[in-house]
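Sequence positions, counted from 1, serve as the residue numbers for this chain. Counting convention: from 1, in listed order, for ligands and their atoms alike. Keep in mind that the numbers below use all heavy atoms, side chains included, and drop hydrogens, waters and symmetry copies. None of the values given here were measured: they were computed from a predicted structure.
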Amino acid sequence: MANNQNDTVSKIVSLCKRRGIIFQNSEIYGGVQGFYDYGPVGSLMKNNWKGLWIKNNVQQRPDVVLIDGSIITHPKVWEASGHVKNFSDELVECKSCHKRFRPDLIDHATKCPECGGEFTKGRKYNILFETEIGVIEGEKVHAYLRGEACQTIYLDFQNIINSCRVKIPFGIAQIGKAFRNEITPKNFLYRTREFEQWDIQYFCRPEDMDKYYQYWKEQRMNWYQNLFNNKDSLRFRQHEKDELAFYAKIAFDIEYQAPWGWAEMEGIHWRADYDLTQHTKFSGQDQSYLDPVTHEKFLPHIVETSGGVDRSFFFLLLDAYQEQKLDNGDIRTYLKISPKVSAYKLAIFPLASNKPELVSVAQKLFDDLSKNYSVDFDDSSNIGKKYRRQDEIGTPWCAVVDYQTLEDNTVSVRDRDTMSQIRVKIDEIDSWLQKQLN
Ligand code: ATP
């Protein structure tokens, strides 16, 4: 069954709540717009999603190092970056229904898309979250929660070249929270006020900028394409001339075909030496790099890949959502998600919860496998319900300990996507699982 109907978003939202993946934050108080919590299943999935990014972009690359920077920085950082002056969104309000819109998100329509009413004049609002450092009145310092995670990478640039034996070209990667007081948070995790970004800032010689820009652009698209089922739902969108920052020669977004239209997932940015120049200017500290071989001193240029962790995770769920009509007319819902991202690699059930001889074998299997894998154990009563739950959270395989197990030491293993079942020997299940995961 086609899975990109317009109501897929509401189906995902309800599945996420029903199965402990994502909850509205502060729901018992009515919720706050633009804030979400990851539940027990979702936290494991998000950790795997981030872990995969780190594995492929840091662990498997000798030229990229990882940092984990602080959310609050010196307030001058945001003056240097231009955010205090320019990090603003325009807002118009409909004079009839009083709904508010960002003109750029409704194609600069002149009438309200909801009721056709007239708009008020646009006003600009800065979307940096403000806070204060210190507790004593008169001594408090006005500060900001970081509006983009990448600034911390520039701040640590000198510390990293002085401590980590990195040589240009090299990258600094980071996954971290960013905060934006978005005027119109919407579409579940797509536009929230607190979210995580994954960034790579790749530092290179100015003359190599073009080469590494092309390289990272392809690299990042390939990464997403390997993990999404529907490759055609991903595309590049080149920025128009009037969208480009003055220092950027070119910019591309990787977009996902969401139910409401093509939507940005990650930006591949040409930052040139803008950031290191700004921080040199505002801090008074030279941010140049000294080439250890040629002894040349220069400001490196930067290729940035900056994506949303939560936003891409949401797109991954949309891509994975499947509804299958069964022979008996029922609809089976499952998440066709990579086992690398699923919360559990295997779920283990005893066929009957009131048979201690089955429960103890299943429990032992859980104890053994959980040393090396994230596995789930469920000894509730109804096997059909257990399969339904695991299907909906995307667990790729379920192992059932049944009466045959007591005779021949095999378990029945069911595949999420095909629902086919095979028998695997208990003492071979670790290597079987290892093989499937690789
Ligand atoms: P948009 O145009 O959608 O507001 P942006 O161009 O401002 O996004 P960047 O500043 O380039 O976004 O941030 C990099 C990535 O961070 C985006 O591609 C997106 O995946 C993610 N991101 C940005 N804003 C949000 C948000 N409010 N909620 C969730 N993710 C976000």
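Classification of D378 and R389 as a salt-bridged pair fails, no side-chain N sitting under 4.0 Å from a carboxylate O. The pair E93-R100 meets the salt-bridge criterion, since a charged nitrogen lies less than 4.0 angstrom from a carboxylate oxygen.
In summary, of the residues considered (E196, E148, E194), a salt bridge (charged side-chain N to carboxylate O under 4.0 Å, His left out) with K177 occurs for E194 alone.
Of all the listed residues (R102, M265, E264, E194), E264 holds the heavy atom that lies closest to atom 6 (O) of ligand 1.
Within ligand 1, counting atoms from 1 as listed, the ones closer than 4.0 Å to a heavy atom of H269 are 11 (O). Listed by atom number, the atoms of ligand 1 under 4.0 Å from R180 heavy atoms are 5 (P), 7 (O), 9 (P), 10 (O), 12 (O), 13 (O), 23 (C), 24 (N).
Ring orientation note: the planes of F170 and F157 are close to parallel, at an angle under 30° on the 30°/60° scale. Taking the six-membered ring where the residue is Trp, W223 and W198 present perpendicular rings, their angle passing 60° and hence far from 30°.
Of the protein's non-hydrogen atoms, the one nearest atom 4 (O) of ligand 1 is R191 NH1, 2.8 Å. Scanning all protein heavy atoms for the shortest distance to atom 28 (N) of ligand 1 gives T192 N, 3.0 Å. Atom 16 (O) of ligand 1 has its closest protein heavy atom at Q197 NE2, 3.2 Å. Nearest protein heavy-atom contact of atom 21 (C) of ligand 1 is G308 CA, 3.6 Å.
In this structure, R220 is positioned above the aromatic face of Y224, its NZ or CZ under 6.0 Å from the six-membered ring centre and within 45° of the axis.
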